[in-house]
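Please read the structure below before turning to the comments.
The model shown is predicted, which means the values in this text are computed figures rather than measured ones. Computation of the quantities below employed the complete heavy-atom set of this structure, encompassing side-chain atoms and omitting hydrogens, waters and symmetry-equivalent molecules. Reminder, nothing fancy here: chain letters follow the sequence lines and each chain counts from 1.
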Protein chains: 2
Amino acid sequence: MKISTKGRYALRLMLDLAINNTGEYIPIKRIAERQEISEKYLEQIITQISRAGFVRSVRGSQGGYQLANPPEAYTVGMILRLMEGELSPVACLDEPGSCDRADRCVTVDIWRQIKDAVENVVDNITLADLVKSYHEKGNCEYFI
Amino acid sequence: MKISTKGRYALRLMLDLAINNTGEYIPIKRIAERQEISEKYLEQIITQISRAGFVRSVRGSQGGYQLANPPEAYTVGMILRLMEGELSPVACLDEPGSCDRADRCVTVDIWRQIKDAVENVVDNITLADLVKSYHEKGNCEYFI
DNA sequence: AGCTAATCATATCGAAATGATATGATTTAA
DNA sequence: TTAAATCATATCATTTCGATATGATTAGCT
């Protein structure tokens with residue numbers, strides 16, 4: 001029942017962009033430094049994020065990334081799903097017909113409830129909420 | 001965010017024992033047949049369950065397993081935790097001091113909420129509840 | 001024009017976890 | 001004594017995870 005580093009790193013990456021959402025383009029290198037995550041690994045992650053249209057990029061010198069929309073527009077769920085796929089504890093919830101026991105299965109109700117509970121959390125927290133609690137914790141842009 | 005087959009199989013195994021909770025000892029072979037799960041794989045799983053004291057076993061011919069306590073005594077959470085460990089989406093929730101960013105981390109609150117939400121589901125469903133919905137679905141002991 | 005800093009695109013890799021299977025010892029009712 | 005069962009380990013193939021490596025492409029700056 002673990003969330004992969006890709007999902008967690010993607011969230012921190014997006015949060016970093018949200019906190020430093022000044023209009024300038026931020027290179028991956030800066031984010032890697034602040035977040036203490038491998039630059040190359042972050043590159044892979046932001047490529048996926050970029051293809052989904054969550055960020056804008058500018059290539060070449062002085063280039064980098066910025067959020068395509070305001071922090072309010074991104075829920076934690078959107079970001080996690082992008083990296084992890086559906087937030088289901090079992091595959092059969094997302095692949096109808098994948099299990100021929102489905103009609104008489106009583107455990108599927110549990111998995112459904114777990115999925116709903118998880119989604120209820122992550123779909124109701126936005127990057128803006130996280131930026132807010134980031135500052136409430138006494139953090140500043142230069143100390144993340 | 002997946003639950004492993006060990007966790008899911010363990011739940012089905014315990015549910016099978018709960019449904020067939022007649023006082024007789026049930027051999028793994030029967031459960032493997034009914035659940036269409038590898039007998040040898042189930043053996044590994046029930047060994048863990050047995051060591052935790054969740055079931056009683058009798059060796060030798062005519063032997064098998066039965067629940068050590070009534071179905072009401074087992075929550076889904078107890079069974080899943082036995083096979084999966086803590087139901088946390090991240091390790092840092094269970095290993096204090098494992099992350100030196102913990103004090104200024106804003107994402108840990110999300111993981112905490114997810115863990116709580118999941119636990120709220122699995123700790124409030126017992127095997128007895130599952131047996132009940134099993135029969136409500138029109139199933140019988142010979143068709144699981 | 002050329003240098004440098006950046007994104008973009010794949011390929012590769014080691015380690016760990018997953019989901020089993022294999023082998024065989026031990027126990028016990030019939 | 002035999003057959004059926006639990007108990008105990010070892011092994012194995014595949015996938016996933018988390019990352020590194022290599023190099024091409026783009027574009028601002030001097």
Side-chain angles (χ1 to χ4, degrees), chain A residues 1-13 17 20 24-33 35-68 80 83-86 89-92 99, chain B residues 1-13 17 20 24-33 35-68 80 83-86 88-92 98-99:
Chain A
M1 276 298 276
K2 290 284 180 284
I3 289 175
S4 72
T5 54
K6 277 216 167 120
R8 292 188 285 117
Y9 289 178
L11 187 56
R12 283 167 61 188
L13 192 165
L17 288 178
N20 299 284
E24 290 180 5
Y25 282 86
I26 298 168
I28 276 294
K29 188 167 190 159
R30 294 287 153 284
I31 302 177
E33 283 165 5
Q35 299 296 330
E36 298 173 286
I37 298 172
S38 148
E39 194 181 332
K40 276 295 175 189
Y41 197 30
L42 273 186
E43 256 184 39
Q44 283 181 41
I45 292 168
I46 207 164
T47 295
Q48 259 185 270
I49 293 175
S50 182
R51 285 190 181 134
F54 287 13
V55 293
R56 270 188 293 269
S57 68
V58 165
R59 296 182 70 164
S61 183
Q62 305 296 105
Y65 296 92
Q66 65 180 204
L67 293 184
L80 291 182
M83 307 307 294
E84 307 263 326
E86 282 297 319
V90 293
C92 65
C99 177
Chain B
M1 277 296 278
K2 290 283 180 286
I3 290 175
S4 71
T5 54
K6 277 218 166 118
R8 293 187 286 116
Y9 290 177
L11 187 57
R12 282 167 62 188
L13 191 165
L17 287 177
N20 299 284
E24 289 181 7
Y25 283 84
I26 299 167
I28 277 296
K29 188 167 191 161
R30 293 289 153 282
I31 302 177
E33 283 165 5
Q35 299 296 331
E36 298 173 284
I37 299 173
S38 148
E39 193 180 331
K40 276 294 176 190
Y41 197 30
L42 273 185
E43 258 185 37
Q44 282 182 41
I45 291 168
I46 206 163
T47 294
Q48 259 185 270
I49 292 174
S50 182
R51 283 188 183 136
F54 287 13
V55 294
R56 270 189 293 268
S57 68
V58 165
R59 296 181 71 165
S61 182
Q62 304 296 105
Y65 297 91
Q66 64 181 203
L67 293 183
L80 291 183
M83 306 308 294
E84 307 263 326
E86 282 298 318
S88 305
V90 292
C92 65
S98 63
C99 176

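Residue-level contact check: Tyr25(B) touches neither bases nor backbone, having no heavy atom under 4.0 Å from any strand. At the heavy-atom level, Ile46(B) lies nowhere under 4.0 Å from the strands shown.
Taking atom CD on Gln44(A) and atom P on dT20(D), their separation rounds to 10 Å, with Å as the unit. Atom P of nucleotide dT20(D) and atom NZ of Lys6(A) are separated by 13 Å, given to the nearest angstrom. One can place CG of Leu42(A) at 11 Å from P of dT20(D), the figure rounded to the nearest angstrom. For Tyr41(A) and dA19(D), the OH to C1' distance is 6 Å, given to the nearest whole Å. dG18(D) atom P lies 16 Å from atom CG of Leu13(A), rounded to whole Å. In this structure, Ile26(B) places its CD1 atom 15 Å from C1' of dT6(D), rounding to the nearest Å.
Scanning all heavy atoms of the two residues, the minimum distance from Pro89(B) to Met1(B) falls at CB-SD, 4.2 Å. Contact detail for Glu84(B) and Lys2(B): the closest heavy-atom pair is OE1-O, 4.4 Å. The two atoms that bring Ser98(B) and Cys92(B) nearest to each other are OG-CA, 3.5 Å, heavy atoms only.
Contact footprint of chain A on DNA chain C: nucleotides with an atom under 4.0 Å from a non-hydrogen protein atom, first to last in 5' to 3' order, dA5(C) to dA11(C).
Two residues are said to be in side-chain contact when any heavy atoms from C-beta on lie closer than 4.5 Å; Thr5(A) and Tyr41(A) meet this criterion. In this structure, the side chains of Ile45(A) and Met83(A) come closer than 4.5 Å at one or more pairs of heavy atoms.
Applying the salt bridge (charged side-chain N to carboxylate O under 4.0 Å, His left out) test to Arg59(A) and every residue at least two apart in sequence or in another chain returns nothing.
Both Ser38(B) and Ser61(B) lie close to DNA chain C; mapped to their nearest nucleotides by heavy-atom distance, the more 5′-ward contact belongs to Ser38(B). Of the two residues near DNA chain D, Gln62(B) and Lys40(A), the one whose nearest nucleotide lies more 5' is Gln62(B). When each of Ile3(A) and Ser57(B) is assigned the nucleotide of DNA chain D with its nearest heavy atom, Ser57(B) is the one assigned upstream, toward the 5' end.
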